[in-house]
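Below is one structure; the comments refer to it alone.
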Amino acid sequence: MAKKTVFKPRKQHFPGIDKIAYEGTDSDRALAFRHYDPAEVIDGKTMKEHMRFSIAYWHAFRGTGSDPFGPGTIQRSWETGKDPVSVAKVRMDAAFEFFQKIESPFWCFHDRDIAPEGASLAESNRILDQIVAHAKQLQKATGVRLLWGTANLFSNPRYMSGAATNPDAHVFAYAAAQVKKALEVTQELGGENYVFWGGREGYETLLNTHLKREQDHLARFLHLAVAHAKAIGFKGQFLIEPKPKEPTKHQYDFDVASGIAFLRTYGLEKHFKFNIETNHATLAGHTFQHEIEVAAAAGMLGSIDANAGDLLLGWDTDLFNTDVRELTLAMLSILRAGGLGSGGFNFDAKLRRQSIDPADLFHAHIGGMDAYALAFKIARRILADGTFESFVADRYRSFDSGFGRDIERGKTSFAALEKLVLSRLGEPSPRSGQQEYLENLLTRYLHG
Ligand code: XLS
Ligand code: NI
Ligand code: NI
């Protein structure tokens, strides 16, 4: 009989920090959860199952604290070795220790986060296979699962003018080969989704860009990905992650609405949902909740990249989100839409440059997880009370019967409506939208 593997790390990478415990709001310990109790059962599911939190490998384990003005600052004991492949393995041990200690059921990665790139594609793939084998063991030993995988098609200089939208077909081919492999390793690790974020799929100037051809190429690329997923039997959900700009001046997957139009134009809408990132929403001039509602309205809400922007700065600052009001509004829309399905809340968020200690990584994620868990609970209370729901239902009541229902069902005409107004209805009577009353009601749920 095969023995059950027990996870015995060779070494503690976060010595002195135990598994983070739920201690409730009375606790004054900083390294404890106050709202996220992974074991709490709500409606037959644990909070761990409800929240489906995920750690973003690129920020949590590849973030260095560097910025355009200076190099990395963040200190990690395992980053010292000489051989990049061995370092990659030890780093991954540290990562899985962290996933367990922070009680995160999932993680996410780009191919190049977990394994260094080799001198050729063949070598890169060989290295990736070694690291994926290591990740598979760690997943098995810890029970931590893969929420999604993706390919980094934006860091290497070969992708400076885009990947699928590069003017050079050679680069398109290289990117296709890279995504083929990334899909295969995501499948190997049981990934529940696969993400396409179009890092450099956009342009800097239309003086050198054929916009229509680039969009056609992007659609072709996605069709090829769909075909390959089918060929290998990958069952995970494909997700598009919109972002309006950065690093390119204009990115094609600008926001959810333009993403839906793009997918429908090219007959891809059945194969994709959206991975919505808070900071990308605000960069597009929307609220987080707006993007969620637009995706949900199209039945295309997939997953969340949980972070926050700094509205005083014009880029993707990837802060940890502790704004419970914003998150409660988002949760309301998510719960009304029936949840995230195979998606989850992935902390695509990074430490500030001055937060250099390993403990800072814990504080950051504890804050984000607690804020989300609290928002989840408040949103559930709001929905159970139904006050906002009945307010909205009542506001649209005139469409539930009579000529309003005829309008919704397509059983009327301009001529018929004109006749109705002229003969019977006359002038409508305005009714208050009561926004301030509703805002105050929300504040009561948030703060009593
Ligand atoms: C960058 C994106 C990126 C994706 C994954 O802004 O958020 O991190 O989530 O490629
Ligand atoms: Ni993201
Ligand atoms: Ni982002």
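We count ligands from 1, going down the list as the structure has it; atoms in each ligand are counted the same way. Quick note: residue numbers are just sequence positions, from 1. Just so it is clear, the structure is predicted and the values come from calculations on it, not from any experiment.
- Between the side chain of Thr209 and the main chain of Leu211, no donor-acceptor pair closer than 3.5 Å is present.
- Comment: Asp385 does not engage Arg381 in a salt bridge, judged by the lack of any side-chain N to carboxylate O separation of less than 4.0 angstrom.
- Without hydrogens or angle criteria, Asn193 side chain to Phe238 main chain gives no donor-acceptor distance under 3.5 Å.
- Across all their heavy atoms, Pro167 and Ser161 have their closest contact at CD-O, 3.7 Å.
- Listed by chain and number, residues touching ligand 1 at under 4.0 Å (heavy atoms only) are Trp58, His110, Trp148, Trp197, Glu241, Lys243, Glu277, His280, Asp305, Asp316, Asp348.
- Of the charged side-chain nitrogens involved, none lies within less than 4.0 Å of a carboxylate oxygen, so that Lys181 and Asp111 do not count as a salt-bridged pair.
- For Glu291 (side chain) and Ile276 (main-chain N/O), no donor-acceptor pair under 3.5 Å exists by modelled atom type.
- Applying the side-chain hydrogen bond (donor to acceptor under 3.5 Å, both in side chains) test between His280 and each of Asp316, Asp253, Asp348, Asp305 identifies Asp316 as the sole match.
- Scanning both residues, Leu224 and Phe172, for their nearest heavy atoms gives CD1-CE2, 4.0 Å.
- Among residues at least two apart or in separate chains, salt bridge (Lys or Arg N to Asp or Glu O under 4.0 Å) pairs with a member in residues 142-151 are Arg145-Glu192.
- Of all N/O/S atoms in Asp316, OD2 sits nearest the Ni ion (ligand 3).
- Among pairs with a residue in residues 353-367, none fulfils side chain to side chain donor-acceptor pair (under 3.5 Å), at least two apart in sequence or across chains.
- Among protein atoms, those of element N, O or S found less than 2.8 Å away from the Ni ion (ligand 2) are Glu241 OE2, Glu277 OE1, Asp305 OD2, Asp348 OD2.
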